[in-house]
Amino acid sequence: PPVYAAPKSEVAKAGGGGIAPDFNRPREPLESEPLDSLRMVGTLEQHADAWALVLDTDDTIHRVQAGNYIGQNHGKIIRISEFEVELTEIIPDGLGGWMERTASIAISE
């Protein structure tokens, strides 16, 4: 009998370790902006909570914290420090699946 070969699309999806964006999640305002157009302009802290102040292309300042999404590549904020916002983006892997990469926005002087 012939050996079953999975279609390429199935192989690629399996190779991504099940990583995929959640397309059913409500979109957040900064997800319509390219990441390189956003500027971190400051931070706020209260008790154990930290927020970053992010300036968009319309000169609007947004307060974001870990767990918020920014940028056009499903970027989820994982950490905010005094100097940068760190995030994990989910991008196409070129094989029909998805992969994660880290990115950051450094504070603007």
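All residue numbers refer to positions in the sequence shown, counting from 1.
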Establish, from distance only, whether the side-chain atoms of Glu33 and Thr57 form a donor-acceptor pair under 3.5 Å. yes
Report yes if some heavy atom in the side chain of Glu100 is under 4.5 Å from a heavy atom in the side chain of His74; otherwise report no. no
Validation row: Leu55, His62 side chains within 4.5 angstrom (heavy atoms): no
Which heavy-atom pair separates Ser32 from Gln72 by the least distance, and what is that distance? O-NE2, 3.0 Å
Can you give me the closest heavy-atom contact between Ile80 and Ala52, atom names plus distance? CD1-N, 3.6 Å
Side chain proximity check, Met99 to Ile91, heavy atoms < 4.5 angstrom: yes
For the residue pair Leu35 and Glu89, establish whether any side-chain heavy-atom pair is separated by less than 4.5 Å. yes
Can you tell me if CZ on Phe83 sees more than 12 non-hydrogen neighbours from other groups inside 6.0 Å? no
Side chains of Glu28 and Asn68: is there a donor and an acceptor less than 3.5 Å apart? yes
Side-chain contact test, heavy atoms from C-beta onward, threshold under 4.5 Å: evaluate it for Ile90 versus Ile19 and give yes or no. yes
Is the closest side-chain heavy-atom distance between Leu53 and Met40 below 4.5 Å? no
Would you call Ile70 and Ile77 a side-chain contact if the rule is heavy atoms closer than 4.5 Å? yes
Quick check: does any side chain N or O of Asp22 sit under 3.5 Å from a backbone N or O of Asn24, one acting as donor and the other as acceptor? yes
Check: Thr60 main-chain N/O paired with Asp58 side-chain donor or acceptor under 3.5 Å: no
Kindly compute the distance separating CD (Glu86) from CD (Glu84), expressed to the nearest 0.5 Å. 4.5 Å
Salt bridge or not between Lys76 and Glu31? Use side-chain N to carboxylate O under 4.0 Å. no
Side chains of Val64 and Leu30, heavy atoms from C-beta outward: is any pair under 4.5 Å? yes
Are Ile61 and Leu44 connected, step by step, through hydrophobic side chains (Ile, Leu, Val, Met, Phe, Trp, Tyr) whose heavy atoms are closer than 4.5 Å? yes
Looking at Tyr69, does the NZ or CZ of Arg25 lie under 6.0 angstrom from its six-membered ring centre and within 45 degrees of the ring axis? yes
Under a single-linkage definition using a 4.5 Å side-chain heavy-atom cutoff for Ile, Leu, Val, Met, Phe, Trp and Tyr, are Leu87 and Ile107 assigned to the same hydrophobic cluster? yes
